[in-house]
Amino acid sequence: MLSLTGVSACYGASQALFNVTLALREGEVLALMGRNGMGKSTTVKVICRLLAARSGRIEFAGYDLRRLPAHKAARLGIGPVFEGRRRFANLTVGENLLVAARPGHWDRARIEALFPRLGERFRQPAVSLSGGEQQMLAIGRALMTNPRLLILDEATEGLAPLVRQEIWAAVALLRRETGMAILVIDKSLRELRRIADHAVLLERGATVWSGTMESLTPDIADRYLGL
Amino acid sequence: MSREGAVNAAIVALLLVVPVGAWLADEPFIVTLATRAVILALAGVGLNIALGLGGMISLGHAAFFGIGGYAMGILASHAQSYEPLFNWPMTIGGTQSMPLIWLVAMSVSGLAALMVGALSLRTTGAYFIMITLAFGQMFYYFAVSWPAYGGDDGLSIYVRNGFPGLNTLVPVQFLAICLMLLMLGLGFAAMLARSPFGLALDAARQAPERVETVGMRPYRLRLMAFVISGVITGLAGALYADLNRFVSPVMFSWQTSGEIMVFVILGGAGRLFGPVAGAMLFILLEHVLGGVSEFWHVYLGLLLLIVVLFARGGIIGLLAGRQVAHG
């Protein structure tokens with residue numbers, strides 16, 4: 001469904017990705033891992049076409065993503081949730097969800113069933129939500145686009161343990177009940193082991209390891225993640 | 001009713017009570033002054049869609065105001081002189097029917113906004129401001145150098161255009177027409193802001209990249225808003241020309257663009273009744289301070305400075321508090 005082959009990308013004169021290769025099949029969960037500053041979020045930006053790849057191939061659902069602008073890539077079914085709980089602050093919770101809505105499985109009722117707190121705060125300004133609720137809103141908004149691929153970039157970063165559990169439970173439910181492909185970036189190896197099928201490890205903007213979660217031994221985790 | 005709703009209702013009441021009182025007291029000048037405020041408010045409502053909702057700082061909206069004005073002037077002058085507008089491929093004459101003139105004014109200003117927007121919205125920030133300003137000045141110099149329609153001297157229309165069932169030469173009846181159009185414009189702007197398109201436009205103003213990642217193209221959203229904005233401003237231009245029974249290149253000038261922007265900022269950019277409050281205050285200051293000193297713009301400048309520095313939400317923000325999400 002999604003494949004990156006030998007992708008490189010730059011921020012101006014500074015090269016951030018050198019050789020990223022990964023593949024994600026329909027219904028699969030892939031963990032993209034690496035220490036801070038190794039290119040995980042940059043890879044997400046490249047997939048979402050917010051940053052142009054300088055070389056390599058990026059394919060999604062049979063389309064060459066390098067030929068498409070960001071909004072067309074999103075319309076193909078890529079639903080990203082970026083780090084930092086980004087929401088449209090001027091809009092209410094409901095408006096944040098509806099502005100992104102596209103026809104499909106995910107609608108207001110299903111989002112409210114997944115995150116009941118969003119239903120309770122439907123008419124509240126998004127800016128008044130707690131950090132965890134804002135993250136739920138960001139995930140809900142991505143789901144309202146009815147994506148084929150959900151990308152979660154540090155979705156639980158900086159959240160209270162109980163809220164993190166709630167979000168992980170929702171992601172597990174998504175995986176179990178919808179079979180949606182998910183690309184997940186997170187620091188919690190324990191949670192990733194529970195949810196992901198495969199992992200790709202990045203170091204200095206390049207893929208250094210890929211395999212199943214079972215084959216990700218403590219030795220490899222220690223070498224590339226410092227865990 | 002929210003605090004802002006109460007402030008808006010008070011503004012509507014003021015717009016009704018003052019001219020009706022003036023009419024009963026046989027003060028047609030006050031009625032005309034109120035009509036001017038209403039028409040300029042409508043121009044501000046148009047700009048507010050681009051500026052307040054879409055975050056597009058256009059210094060070229062006088063182009064659409066002027067196009068609306070000239071649409072009225074050209075159609076009415078041909079109707080007066082019985083000279084057709086075109087003879088080929090068929091003969092088309094002028095008209096003095098207001099609804100028809102509005103339709104032409106809105107269509108032509110919409111087309112112009114599409115052209116200006118399609119090019120200028122490829123830029124942002126200072127470049128966007130400069131390109132819209134340049135387009136406005138282009139139209140200005142075109143009008144100056146168009147002798148067929150008065151050139152620099154402008155074009156006079158001897159009789160105000162007609163509206164079915166009303167005598168538009170009676171100031172209060174013309175005011176009623178303008179007020180009705182302002183209310184329609186405000187209703188449309190309110191609906192637009194709450195529609196999925198309005199929400200997307202607001203979102204694109206806040207975070208264009210994020211909007212792209214949910215599958216929308218900010219350029220297209222902004223272009224549509226810019227065209228709608230131009231159409232409303234063009235309609236205001238046609239009414240303004242009818243009020244004065246005169247059009248001149250001044251309607252296209254950058255000072256006119258600046259004045260429309262002043263109404264919006266003074267009243268509260270992005271607030272539904274912001275342009276109405278701004279235009280009313282502008283006309284009031286012009287009338288009161290203009291009688292005291294011909295340099296009354298100095299006081300207006302000071303007021304604008306205070307609003308920009310200390311009251312970002314403009315008059316509406318001061319009276320109704322900060323804007324929260326649409327709720």
Side-chain angles (χ1 to χ4, degrees), chain A residues 44-45 47-51 68-104 106 121-129 137-151 153, chain B residues 2-5 48-49 51-56 121-122 124 189-225 268-272 274 312-313 316-317 320-327:
Chain A
V44 171
K45 281 187 181 172
I47 294 169
C48 295
R49 302 291 296 127
L50 295 176
L51 181 67
L68 299 177
H71 68 279
K72 284 199 175 157
R75 279 179 178 267
L76 283 180
I78 299 175
V81 178
F82 294 102
E83 57 183 332
R85 296 156 216 161
R86 297 177 182 180
R87 71 282 181 260
F88 299 120
N90 272 15
L91 307 186
T92 63
V93 171
E95 288 169 344
N96 261 276
L97 294 174
L98 296 176
V99 78
R102 280 207 295 275
W106 290 98
R121 288 159 177 51
F122 197 74
R123 290 185 187 282
Q124 228 170 281
V127 75
S128 69
L129 299 183
L137 179 58
I139 297 172
R141 194 181 60 208
L143 290 174
M144 285 293 276
T145 66
N146 278 290
R148 296 168 69 186
L149 166 66
L150 181 68
I151 302 178
D153 185 359
Chain B
S2 70
R3 207 163 130 197
E4 185 161 344
N48 202 25
I49 290 172
L51 177 68
L53 200 59
M56 293 169 269
L121 284 167
R122 295 185 186 279
T124 53
M191 264 172 46
L192 191 81
R194 286 168 183 276
S195 69
F197 169 75
L199 297 179
L201 184 65
D202 195 354
R205 179 176 56 82
Q206 295 176 54
E209 269 196 354
R210 228 170 296 160
V211 163
E212 286 203 77
T213 62
V214 294
M216 290 178 289
R217 195 179 173 202
Y219 172 81
R220 194 164 291 174
L221 292 168
R222 290 190 187 122
L223 182 58
M224 276 177 74
R271 311 297 284 255
L272 183 63
R312 286 285 176 90
I316 301 290
R322 277 188 62 193
Q323 189 170 32
V324 290
H326 301 110

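From a predicted model like this one, the values you see are computed outputs, not experimental measurements. Below, all heavy atoms of this structure are taken into account, side chains as well, without hydrogens, waters or symmetry copies. Within every chain, numbering begins at 1; the chains are lettered A, B, ... in the order of the sequence lines, protein sequences first and strands thereafter.
For the options A200(B), P196(B), A203(B), heavy-atom pairs under 4.5 Å to chain A are most numerous at A203(B). Contact count versus chain B (heavy atoms, under 4.5 Å) is highest, among R141(A), R49(A), R75(A), M144(A), for R75(A).
When each of L91(A), T92(A), N90(A), N96(A) is checked for a side chain to side chain contact (heavy atoms under 4.5 Å, CB included) with L199(B), only L91(A) meets the rule.
For a residue to count as touching a neighbouring chain, one of its non-hydrogen atoms must lie under 4.5 Å from one of that chain's; by this rule R102(A) touches chain B with the side chain only. Residue L76(A): no heavy atom, backbone or side chain, is found under 4.5 Å from chain B.
A74(A) and G215(B) make their closest contact through CB-N, 3.3 Å (heavy atoms, listed as atom of the first residue, atom of the second, distance).
Residues meeting the salt bridge (charged side-chain N to carboxylate O under 4.0 Å, His left out) test with R121(A), sequence neighbours left out: E133(A). The side-chain hydrogen bond (donor to acceptor under 3.5 Å, both in side chains) search around R205(B) returns D202(B), not counting sequence neighbours.
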Show your working on side chain to side chain contact (heavy atoms under 4.5 Å, CB included) between H71(A) and E212(B) and close with a plain yes or no. CA-CA 4 Å; H71(A) 68 279; E212(B) 286 203 77; 4.0 Å; yes
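The line from CZ of R194(B) to CG of L98(A) is 13.0 Å long, rounded to the nearest 0.5 Å.
With hydrogens and angles disregarded, a donor-acceptor distance shorter than 3.5 Å links the side chain of Q206(B) to the backbone of A89(A).
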